[in-house]
Amino acid sequence: MRYFSTRGDGPVNLDEALRKGIADDGGLFLPEKMPAFEITDFENAESIPEVAEVLLRPFFEGSALEDSLAGILAETFSFPMPLTDLAAAGREVGLLELYHGPTAAFKDVGAGFLAACLSRLESNTAAPLTILVATSGDTGGAVAAAFDSRPGMRVVVLFPEGRVSDRQAHQLCCWSDNVVSLKVQGSFDDCQALVKAAMADAELSAVHRFSSANSINIGRLLPQSTYYADASLRHHRRTGTKPGFIIPTGNLGNAFACIMAREMGLPIGPVILATNANRTIADYFETLEWLPRASLQTLASAMDVGDPSNMERLRKLVGEADVLRQQLGVLSVSDAEIEASIRQDFKEFGFATCPHTATASHTWRQLDEELAGAHDWILVGTAHPAKFETIVEPIIGQTVPLPPELEDILSRPAHAIAIKPDLTSLASVIGDT
Ligand SMILES: *Cc1c(COP(=O)(O)O)cnc(C)c1O
């Protein structure tokens, strides 16, 4: 499979696209052509890794990793992703639980896959590859966990000091020596600017061999399409119908993976994006004008994105707003609605949802009768509520028990180096580690 940038550069093979993350022309990599599948192609695929092997095989054609695919997938899909049946007020809905990985959020899937691929590609190189990641929370933890202790790979995590929760900070700072955690005296935007500046610095890049692991890397998207394929196939086998998915959305990586699976022929019905108060996508569908803006802070902080980068991929793959809005729904959910939804979920389902997942359950409750009844719906659960206990616990009036994976992380010692938000400070700390 050959990959081209959304802005025209290319072609490159998968290995190059994984290593680079972003194309030289600033665009995002997309496969030259989406493979097409029939439902019967998956007849013998029972488990998620088996589904992944059928689905992802064409993307690895011409890659040095082609023969390692089974091993990569076994590593990536090492935790369960159950599809749970729920009922509320006489209506049934499914919950796809994507939060049982090492850091209890769906980003573990993409980060794990990328780490499994890159560590194999880099196994014979003299200088380690340095993954730079600016994070406001979930991404950094998932990437650090995925690359922890891997030979030939180093991770530098940059987060804004004092602007992530204590539990989140701990998850960014409790790893082996190959993960360097930096608390930056500045904002998340300062962290991102610092990563960009470092990657653009020819001298530093030559020494450290920088790469990025944020959600624009195609290696984050490919494995995510697997759980949509698997869940939709299971549902289709059981009922003969195509389920609709409601997906908590920020940078559009998770939802893009679902749309990719539908484009490839998987039995997926309607797809609805649930965003927080950041209305860029909702306004685009309404006005047909793409107007990225600064992000607003909300309770669903991992979705605080004002300029969702994967929209560039979606427009290339599917079309502009007039076409897109016929194939996708979107609802922007306010903080007050998120709070109400967490309360309602707890009352009706009997367990807590995280603020991100609660945007999906709110959206489901808002569907009109006709749409709600026309399909079976699956809510996508993106994080465990215990990650956001300071928001969730006061709303439900109870503590949320820690899942074992988070308990394990929080019991480790944590360590971070404080730096100023400038390239000199960054260069000095990563130079001597
Ligand atoms: C990252 C994240 C999202 C948003 O996913 P995108 O791929 O950026 O749209 C939603 N929920 C949680 C918990 C996340 O960490």
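Note that ligands are numbered from 1 as they come in the structure, with each ligand's atoms numbered from 1 the same way.
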Enquirer: If you take the nearest heavy atom of each of Lys107, His356, Arg220, Met303, which one is closest to atom 2 (C) of ligand 1?
Expert: Lys107
Enquirer: Quick one: nearest non-hydrogen protein atom to atom 8 (O) of ligand 1, plus distance?
Expert: Asn251 N, 2.8 Å
Enquirer: Is ligand 1 less than 4.0 angstrom away from at least one heavy atom of Phe106?
Expert: yes
Enquirer: Could an N or O of ligand 1 be found under 3.5 Å from any N or O of Gly250, whether backbone or side chain?
Expert: yes
Enquirer: Quick one: do Arg7 and Glu312 make a salt bridge, cutoff under 4.0 Å?
Expert: yes
Enquirer: Phe388 to ligand 1: N or O pair under 3.5 Å?
Expert: no
Enquirer: Whether Arg325 and Glu286 form a salt bridge (side-chain N of Lys/Arg under 4.0 Å from carboxylate O of Asp/Glu) is what I want to check.
Expert: no
Enquirer: Using a strict threshold of under 4.0 Å (side-chain N to carboxylate O), is an ion pair present between Arg313 and Glu263?
Expert: no
Enquirer: Hey, are Lys20 and Asp15 close enough for a salt bridge, meaning a charged N less than 4.0 Å from a carboxylate O?
Expert: no
Enquirer: Please determine whether a side-chain nitrogen of the Lys or Arg among Arg238 and Asp376 lies less than 4.0 Å from a carboxylate oxygen of the Asp or Glu.
Expert: no
Enquirer: With a distance cut-off below 6.0 Å to the six-membered ring centre and an angular limit of 45° from the axis, does Arg365 pair with Phe349 as a cation-pi contact?
Expert: yes
Enquirer: List the closest protein heavy-atom neighbour of atom 11 (N) of ligand 1: residue, atom name, distance to the nearest 0.1 Å.
Expert: Thr382 OG1, 2.9 Å
Enquirer: Should you measure from each heavy atom of Gly253, which atoms of ligand 1 turn up under 4.0 Å away?
Expert: 6 (P), 7 (O), 9 (O)
Enquirer: Would Leu252 count as being in polar contact with ligand 1, using the rule that some N or O on each side must be under 3.5 angstrom apart?
Expert: yes
Enquirer: Around atom 7 (O) of ligand 1, find the nearest protein heavy atom and jot down its residue, atom name and distance.
Expert: Asn254 N, 2.9 Å
Enquirer: Is any N or O atom of Thr249, backbone or side chain, closer than 3.5 Å to an N or O atom of ligand 1?
Expert: no
Enquirer: Quick one: does any side-chain atom of Tyr3 pair with a main-chain N or O of Glu32 as donor and acceptor, under 3.5 Å?
Expert: no
